[in-house]
Each structure stands twice: as structure tokens, then as C-alpha cells.
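Letters A, B, ... mirror the listed sequences (proteins, then strands); counts begin at 1. Keep in mind the model is a prediction, meaning the values are calculated, not measured.
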Number of protein chains: 2
Amino acid sequence: MRTSVQDPAPNDDPLRLDRQLCFQFYAASNLIGRLYAPVLAKLNLTYSQYLVMLVLWEADGQSVGAIGKRLHLDTGTLTPLLKRMETLGHLVRQRDKEDERRLRVSLTASGKALRGKALGVPEIMTRGQNLEELEALRRTLADVIVTLSAARAHQ
Amino acid sequence: MRTSVQDPAPNDDPLRLDRQLCFQFYAASNLIGRLYAPVLAKLNLTYSQYLVMLVLWEADGQSVGAIGKRLHLDTGTLTPLLKRMETLGHLVRQRDKEDERRLRVSLTASGKALRGKALGVPEIMTRGQNLEELEALRRTLADVIVTLSAARAHQ
DNA sequence: TCAAATTAAATTGTACACGATATAAATAGC
DNA sequence: GCTATTTATATCGTGTACAATTTAATTTGA
């Protein structure tokens with residue numbers, strides 16, 4: 001048995017791309033984003049914007065920090081993202097009268113109405129898949145995220 | 001049993017953030033990138049650049065398209081990324097004499113030497129983890145990526 | 001053989017992500 | 001009450017991602 005000319009890296013090479021779990025998360029995440037994009041474009045949302053809408057549909061009027069905690073994003077990402085969504089008319093950003101540092105992000109009527117159109121998205125994206133397998137993977141990844149968040153916090 | 005004030009979304013709401021596998025890939029991928037960044041900074045590499053190096057350390061002198069196929073990235077991402085890496089001195093980009101459309105990407109001496117420093121990275125990043133569990137997840141994700149790539153191709 | 005089709009990479013424009021820093025409001029401690 | 005600290009968000013600069021378009025080289029086929 002010999003290694004091919006194309007790929008001379010031996011199986012036990014720790015730097016083999018195929019062995020990197022980090023790369024698989026990277027590739028899967030990018031591929032998922034590309035698959036969602038055309039579906040979400042019909043709702044006038046990007047993929048990141050869709051995630052923000054999921055957070056706000058669960059509880060309206062959250063602060064930037066609360067949304068960021070939920071999505072594991074900081075203000076460097078969220079502030080411009082939320083401004084674009086305000087321009088698009090999905091939400092409004094207004095300072096909290098109780099505490100002027102806080103910014104409350106609230107859905108507009110059209111932002112709330114968009115939820116009805118979004119209801120079909122999860123089914124469209126998982127059509128033809130084994131739902132038990134997806135659920136098992138979902139649970140595994142929930143643990144992974146807890147581990148990664150903890151590692152990040154201890155850094 | 002009642003739902004909390006914070007999260008009035010019922011458990012069977014298809015739009016609950018916690019139920020979205022897509023979000024878990026997104027969050028995990030972002031968190032992984034943040035954990036790798038400071039480690040790779042010591043090698044003067046970003047996370048994406050590290051992935052390119054993994055591809056080239058396996059087989060030097062590949063075309064932009066070949067690298068892109070491996071990483072599931074297109075030229076819109078790779079061209080500027082490779083130009084930055086050339087400026088940094090990790091690689092050189094030169095047209096193939098046989099076919100002037102192709103661009104061969106080749107490691108410099110310092111790019112090759114960097115591999116020695118990178119050898120410790122996988123161990124650093126998986127330290128304290130259950131390696132059997134990571135390996136099982138790696139296999140699951142390999143299947144996921146095949147499914148996602150096929151879905152992308154059929155689109 | 002030569003125009004049409006294909007292929008490979010670059011370019012353009014938009015939208016994230018992220019660390020680092022800045023700004024301003026609220027709170028703490030004395 | 002007043003300053004030091006903390007908290008919440010914004011800003012800045014760099015580096016991806018991606019679709020769509022463009023450019024240039026190669027291959028095809030009548």
C-alpha cells in the first residue's frame with residue numbers, strides 16, 4: 001500500500017485537512033449559509049439577519065448585549081447588522097429611557113409579520129433528512145458549544 | 001408548567017433558536033475560529049490562511065480551483081486571501097506555462113518551514129477533550145458535508 | 001480554421017466577524 | 001457629592017465569504 005501522488009500526507013499526519021474537526025465545522029457552516037441564502041432572500045433577510053429575527057421572535061425588545069449573548073456575537077458585528085435591519089424596516093432601535101446606555105431592539109409590524117413567512121423555512125431546509133439523526137446531532141452540538149464557550153471564557 | 005417571561009416560545013415552535021441545527025454549526029464555527037486565532041497568530045496566520053496552508057502542506061503547487069474545491073471556497077474568497085499570503089511571504093503565485101489560465105500556488109521556504117511550528121496546533125486545540133468522541137463527531141460531520149455538498153450541487 | 005462554448009481566475013459590491021479602542025451613562029466607594 | 005470603576009454600545013481597521021460579472025486562455029465542432 002502506497003500513498004497517492006495527489007496526497008502524500010500519511011494517515012497519521014496530525015495536520016491532514018481531513019482530520020481537522022475545526023475545518024469540518026467551518027465547511028459545514030459555510031455550506032449551510034449558502035443553502036439558506038436563496039430561501040431567506042425571499043424574506044429579504046441574510047442568514048445572520050434571520051438568526052437575529054429568531055431571537056427577537058422569541059422575545060421582542062431585547063438589548064444588543066442580550067441578542068449578542070444568545071448568538072455569541074459582539075457589538076462589532078451586531079451594531080452594523082442591526083442598523084441594516086432597521087433600514088430594511090424589520091426592526092427599530094431606541095435607547096432605553098430607564099438606562100440610556102441600553103438600546104432596545106424592537107420588531108416593526110412587518111418584522112412581526114415576517115414570522116409567518118419564516119415558519120416554513122425549517123421544514124424546507126431539513127426536507128428529506130432523517131429527523132432523528134438531526135436531533136441527535138443537535139444534542140451533540142449543544143454540548144460542543146457549551147465546551148467551546150467555557151474554553152473561550154477561561155481564555 | 002408554564003413558559004418563562006424571558007422565552008415565551010413553546011417547545012414545539014419550529015423557529016426556536018435552540019432547535020436550529022444551522023445555528024449550532026454557525027455558533028460552533030465562529031467560536032472555534034476565535035479559539036484558534038490567538039494560537040495561529042503566533043504563526044502569522046489567520047484561521048482561513050491556516051486551512052490553505054494545510055492544503056498546500058499536503059500537496060504543493062496546486063491551482064486556485066483545486067484549493068477551492070478542497071476548502072469549499074470560490075475565487076472571490078481565495079484570490080484576495082492568497083494575495084495576502086503572498087505578501088506575507090508564505091507562498092508565491094505564478095501562472096502555469098502549460099495553461100496560462102491556471103495559477104499555481106507554491107509554498108516558499110518559510111511557508112514550508114512553518115509546518116514545523118504548526119505541528120503542535122492540533123494537540124493544543126484538542127487538549128483535555130475526549131479523543132474518541134471527537135473522532136466520532138468527525139465521522140458524522142464528514143457525512144454531513146457530503147450531504148450538504150450534494151444539496152448544493154443539485155440546487 | 002475559426003467562431004462558439006467552456007474553463008480558470010480576477011474583479012466588484014455587499015455583508016458579515018472580530019479584536020481593539022473610544023464614548024457615554026450608570027454605579028460604587030469613600 | 002465626587003471621582004474611579006464598571007457597563008453598554010459604537011467605531012475603526014482588517015480579513016474573510018459570496019453572488020454576479022468580467023477577462024483571458026483553451027477547447028470544440030461545423
message: What is the separation between atom CD1 on A:Ile67 and atom P on D:dA8, rounded to the nearest whole Å?
response: 14 Å
query: Which part of the nucleic acid does A:Thr77 contact within heavy-atom distance under 4.0 Å: base, sugar-phosphate only, or nothing?
result: base
statement: Considering only heavy side-chain atoms of B:Asn30, the closest of D:dA17, C:dC18, D:dT16 is C:dC18
- request: Please confirm whether the backbone N or O of A:Leu56 pairs with a side-chain atom of A:Gln62, one donor and one acceptor, at under 3.5 Å?
  value: no
task: Name the residue closer to the 5' end of DNA chain D, choosing between A:Lys83 and B:Asp99 according to the nucleotide with the nearest heavy atom.
output: A:Lys83
- prompt: Given D:dA17, C:dA17, C:dA9, which nucleotide is nearest the side-chain atoms of A:Leu73?
  reply: C:dA17
field: Distance, rounded to the nearest Å, where A:Arg95 contributes CZ and C:dA26 contributes C1'
entry: 13 Å
query: Does B:Asp96 or B:Arg84 map to a spot on DNA chain D nearer the 5' end, using the closest nucleotide for each?
result: B:Arg84
- request: Would you mind telling me which of C:dA10, D:dA17, C:dG19 lies closest to the side-chain atoms of B:Arg34?
  value: C:dG19
query: Hey, are the side chains of A:Leu15 and B:Tyr50 touching, using non-hydrogen atoms and a 4.5 Å cut-off?
result: yes
message: What is the separation between atom OH on B:Tyr47 and atom P on C:dC16, rounded to the nearest whole Å?
response: 21 Å
message: Using a heavy-atom cut-off of 4.0 Å across all strands, would you classify A:Asp74 as base, sugar-phosphate, or nothing?
response: base
Considering all heavy atoms, the nearest A:His72-A:Ser149 contact: CE1-OG, 3.3 Å
- prompt: Quick one: A:Gln94 CD to D:dA8 P, roughly how many Å, whole number?
  reply: 19 Å
- prompt: Contact class for A:Gly65 (heavy atom, under 4.0 Å): base, sugar-phosphate, or nothing?
  reply: sugar-phosphate
- request: Just call it for B:Leu78: base, sugar-phosphate, or nothing, with non-hydrogen atoms closer than 4.0 Å on any strand.
  value: nothing
task: Pick base, sugar-phosphate or nothing for B:Thr75, based on heavy-atom distances below 4.0 Å to the nucleic acid.
output: base
field: Residue mapping more 5' on DNA chain C - nearest nucleotide basis, B:Gly33 or A:Glu98
entry: B:Gly33
- prompt: Quick one: which of C:dC16, C:dA9, D:dT16 gets closest to the side chain of A:Gln49?
  reply: C:dC16
- request: Have a look at A:Val105 and tell me which of A:Leu91, A:Asp60, A:Val92 forms a side chain to side chain contact (heavy atoms under 4.5 Å, CB included) with it.
  value: A:Leu91
- request: Examine the base of D:dT7 for any acceptor or donor lying under 3.5 Å from a partner atom in the side chain of A:Arg101, and report the outcome as yes or no.
  value: yes
query: Counting any heavy atom closer than 4.0 Å, what does B:Arg104 reach on the DNA or RNA strands: base, sugar-phosphate only, or nothing?
result: nothing
field: A:Cys22 side chain near B:Met125 side chain, heavy-atom distance below 4.5 Å
entry: no
- prompt: Does the C:dA9 base have a donor-acceptor partner in the side chain of B:Thr79 within less than 3.5 Å?
  reply: no
message: I want to verify a distance call: between C:dA9, C:dG19, D:dA25, whose nearest atom is closest to the B:Glu100 side chain?
response: D:dA25
